[in-house]
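Report on the structure given below.
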Amino acid sequence: MKKFCTVFPLILSLGFPHAQAQQNNAPTSVESQTLLAIIDRVFDTESDAVDFEEGSFNWKGRTFQFGDGRAMRSRFIRYLNTPVADMDTRVYLALMEDIRGRLSVARQEENAQLADPWRPLVAAWKLLHQAAEHEIDGGNSLVIANVVYDHWRDREMFRNEQFRQSIETDERQRREGRAVAETAIERQRLIEQARQADAARLENLQLPEASNERGITFLDQAMKQLMEQQADVEARGARLVEIGVRSKLKMQSQIISFILQRRFNHALILCSFYRALFNNSAQELAIGQEAIASYLPEFEVVPTVDTLEFIALQALDDINTGMRAVRNSFAQRQLVSALERLQETFFLGEYTLPVIRYDQAEKEVLRQFYFDLREARRLSELRDYDALTELVESLGERADDFPMREATASIRVAKQASRIKLLAAQAAMIRGATEEAEAHLNEAFTIWPLNPEIESFMSGTVTAADLAVEFDLDFANRHYRRIFERRNDYFAAVTGDPRRTGQFQQAIERIQSIDFAVQTAREQFEMGEPHAAWELLHGVAEFASEEAAFNQLFARVTPAVANFAAEIEAAERLEAQGHHSAALTRFLAARDIYPASLTVRRALDRMGERILQQARSLQG
Amino acid sequence: MKKFLLGGLAAFLVLAIGWFALVPRGGLSGYPDALPAVAFQAAPLNHVGNKYYVDVAIESILATDPALGRVLLVRTTDGQIPLPVFLPASVEANVGFQQRYRLGLRVEERGLLYVERMQKL
C-alpha cells in the first residue's frame with residue numbers, strides 16, 4: 001500500500017496535462033539539449049539563403065520578400081507537387097525566344113534599314129498576346145503589351161501636341177508681326193499728336209485730350225493676344241515634356257516591378273522594348289534609383305535600364321547554374337544537396353523555364369525525399385525514435401550525403417539517455433525517494449516519451465503496488481505456500497520495504513523448512529523411525545497447518561508415536577504456562593519413550609536455567 | 001541399685017518404643033509419605049504443597065549455581081521414573097553419580113521438587 005501511494009502521484013503526473021506543462025517548463029537536461037541540436041542539424045535541409053521565419057530569400061545580398069515562411073514552404077511544396085506541362089512550356093519557351101530575338105539589338109539595326117522600321121517591333125508586340133495565353137506566363141506578357149501600347153498612344157499624343165505647338169508658334173509669330181506693326185502705327189500717331197500739340201501751343205489753342213478718349217488701342221490688343229499665345233505655347237511645351245516623362249516612368253517602373261517579382265524574362269523583354277522605343281539619352285532611370293542601388297551594392301554608378309537588364313541576366317544565369325547543380329547532385333545521389341540547391345534556385349527562378357521544366361521524374365524523387373525529411377523532423381520533434389530509425393535508414397539508403405550515422409547515433413544517444421534516467425527513477429523508487437523518482441521519470445519521458453520501458457516501469461510499479469497488497473493478505477492468512485509460489489513477483493513488490501522483506505524471507509524459509517521436514521520425515525517414517533519423523537513434523541507444525549502434504553503425513557505418523565507425542569505436547573503446554581519443572585518432568589517422561597529425542601534435548605538445555613530462576617525467587 | 005537399673009531399662013524402653021512409633025521403617029523423619037512417582041509424573045501440579053520422601057539414584061546435574069544450588073536429574077529406585085529435583089546449597093551433601101539417596105522434599109509451585117533433606121542410602 002505504501003508503495004502504491006508513492007507510485008500514484010507518478011501515474012497522475014504522466015497522465016494529466018498538468019504534468020505535461022510541468023514537463024515543458026522543466027529545464028531540459030544536457031543530454032536532451034544536445035540531442036535536439038543534433039537532430040535540428042541532421043534534418044535541416046533548408047538552404048541558408050532562405051529565411052522561413054522572415055519569409056525572405058537572399059540572393060547575392062539582394063533580399064526578396066515572400067510574405068511569411070508558411071507561404072514560402074507552400075510555394076515550394078506546390079512546385080514539387082505540380083506536374084510539368086511539357087508541350088505547353090516548349091511552345092511558350094519558343095514564343096519568348098522569338099520575342100526576344102525580334103527585339104535584340106542586332107535585329108534593331110537590321111530593322112532600321114527596312115522601309116517600316118517599326119514592323120518587327122509591332123510583330124514582337126503581337127506575339128506578347130499569344131504568350132499571355134499560356135498559363136505559366138501569368139498574364140505578364142499582356143502587361144508588357146499594355147505598357148508598350150500606352151507608350152505608343154503617348155507617342156501619338158506627343159506628336160499631336162508637337163503639331164499643335166508648331167501651329168501655335170506660327171500664330172505667335174504672326175501676332176508678333178502684327179504687334180510690331182501696331183507699335184509702328186502707334187508711334188506714328190503719337191508723333192502726329194505731339195506735332196499738333198506744339199502747333200496749338202503756338203496759336204494758344206486748347207486741344208482736347210485725345211488719348212483719354214481712344215480706350216484700348218490696337219497695340220494693346222495685339223500685345224495681349226501675343227502674350228496669350230506665348231502662354232499657350234509654353235503650356236503645350238510643358239505638356240509635351242510631361243507626356244515623354246510619363247511614358248518613360250511607366251516602362252521603367254514596370255521593369256523594376258518585374259525584377260522585384262523575379263519575372264526576369266519579362267523584365268528583359270520590356271528592357272528590349274524600352275531600348276527600341278527610347279533613344280540613348282533616355283536610358284537613365286528616372287525613379288527607383290535608391291532601390292536599384294541597394295540591389296547592386298557592388299556598383300557605385302547611376303542605375304540605368306541597362307543595369308536592370310544586367311540584374312535580370314545575372315539572375316537567369318544563376319538559375320541555369322543552379323539547375324545544373326541540382327541535376328548534377330541528383331546524378332551523384334546527393335539528394336540533400338540537390339534539394340537545397342533546388343530550393344535556392346526555385347525561390348530565385350520560380351517563374352523561369354529552367355525551374356518550371358525540371359525533369360518530372362527527378363522532381364518526384366526529390367519531392368518524396370523532401371516529405372520524408374519533413375516527416376523525420378516531425379518524428380524527431382515527437383521523439384518517436386523507433387519510427388524515426390526506420391525512416392532514417394530509408395533516407396540513408398536513398399541519399400549518399402544524408403548523415404545517417406550521425407542521425408542513428410543521436411537516436412541511440414537519446415534512447416540510452418532515457419533508459420539511464422529510467423534506471424535512476426527505478427533506483428530512487430527502491431530507495432523510497434518518490435520526488436527524485438518522479439523527476440527522473442519526467443526526464444526519461446521528455447527525452448523519449450514512447451520509451452516502451454516507461455510503460456513497463458509504470459505498469460510494473462502499479463503491479464508492484466497491487467502485489468504488495470496481495471502479499472500482505474497472504475502473509476496475514478499464513479498462505480506461505482502461495483507466497484513461495486509467487487516469490488518472483490512478490491520479491492520485486494516487497495523490495496525496498498524492510499518490514500515486508502522480512503516477512504517475505506520468513507515465509508520462504510518456512511515453506512523450505514516444511515518441504516524439508518515433510519520430505520525427510522516421510523523417508524524416516526518409511527525407515528521405521530516414527531519418533532524422528534514425528535519430531536521433524538512437529539517442529540514445523542506451528543506454521544504448516546495449511547500444508548496438505550504435511551497434514552497427511554502428520555496424521556499417518558502421530559498414531560505410531562501417540563504416547564511420546566502426548567508427553568511432548570503436554571510438556572510444551574506446561575512450559576508455555578510457565579510451569580518449567582512440571583514441563584521438565586513430562587519432557588523426561590518423553591525421553592524415556594524416545595531417548596534420542598532432539599525435542600527433549602533442546603528442552604533440557606533451556607530448562608535448567610529456568611528452574612534455577614524459580615528456585616532463586618523461592619529463596620529470595 | 002536395682003531401682004536405678006529398672007529406671008534405666010524403662011527409659012530405654014520408652015525411647016525404643018518412641019523411636020519405633022515415630023519413625024516408620026523405610027521413611028524419613030518429617031516426610032511420612034513416599035512420592036507417588038508415576039502419578040506425579042503424569043500430573044506434577046496436582047501435588048503442589050505436599051512433602052514426600054523418595055529414594056533415587058543421581059543421573060546428572062542439569063544446572064548449577066554455587067550460591068543457590070543444583071538442578072539434578074534423578075531416577076526413582078523402585079519404578080525408574082525420571083524426575084528433576086532442586087538441591088539447594090543449604091543442604092550440605094555430596095552428590096555421587098549413580099549413588100542412591102533418600103530425599104526429603106517438598107512440591108513447590110509449578111511442580112518444583114525442592115529437596116529439604118538428603119540421606120545417603
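Proteins come first, then strands; the chains are lettered A, B, ... in the order of their sequence lines, and each starts at number 1.
Ranked by heavy-atom pairs under 4.5 Å with chain A, the list B:Ala42, B:Ser90, B:Pro88, B:Gly69 is led by B:Ala42. Of the listed residues (B:Val85, B:Leu112, B:Val71, B:Leu68), the one with the most heavy-atom contacts under 4.5 Å to chain A is B:Leu68.
Note: A:Phe471 and A:Phe504 have tilted aromatic rings, judged against thresholds of 30 and 60 degrees for the angle between ring planes.
Judged by distance alone, with hydrogens and angles left aside, the side-chain atoms of A:Glu535 form a donor-acceptor pair with the main-chain N or O of A:Thr599 at under 3.5 Å. Between the A:Asn551 side chain and the A:Ser545 main chain, a donor and an acceptor come within less than 3.5 Å of each other. A side-chain donor-acceptor contact under 3.5 Å links A:Ser617 to the backbone of A:Gln614.
If you measure heavy-atom distances from B:Leu73 to chain A, the contacts under 4.5 Å come from the side chain alone.
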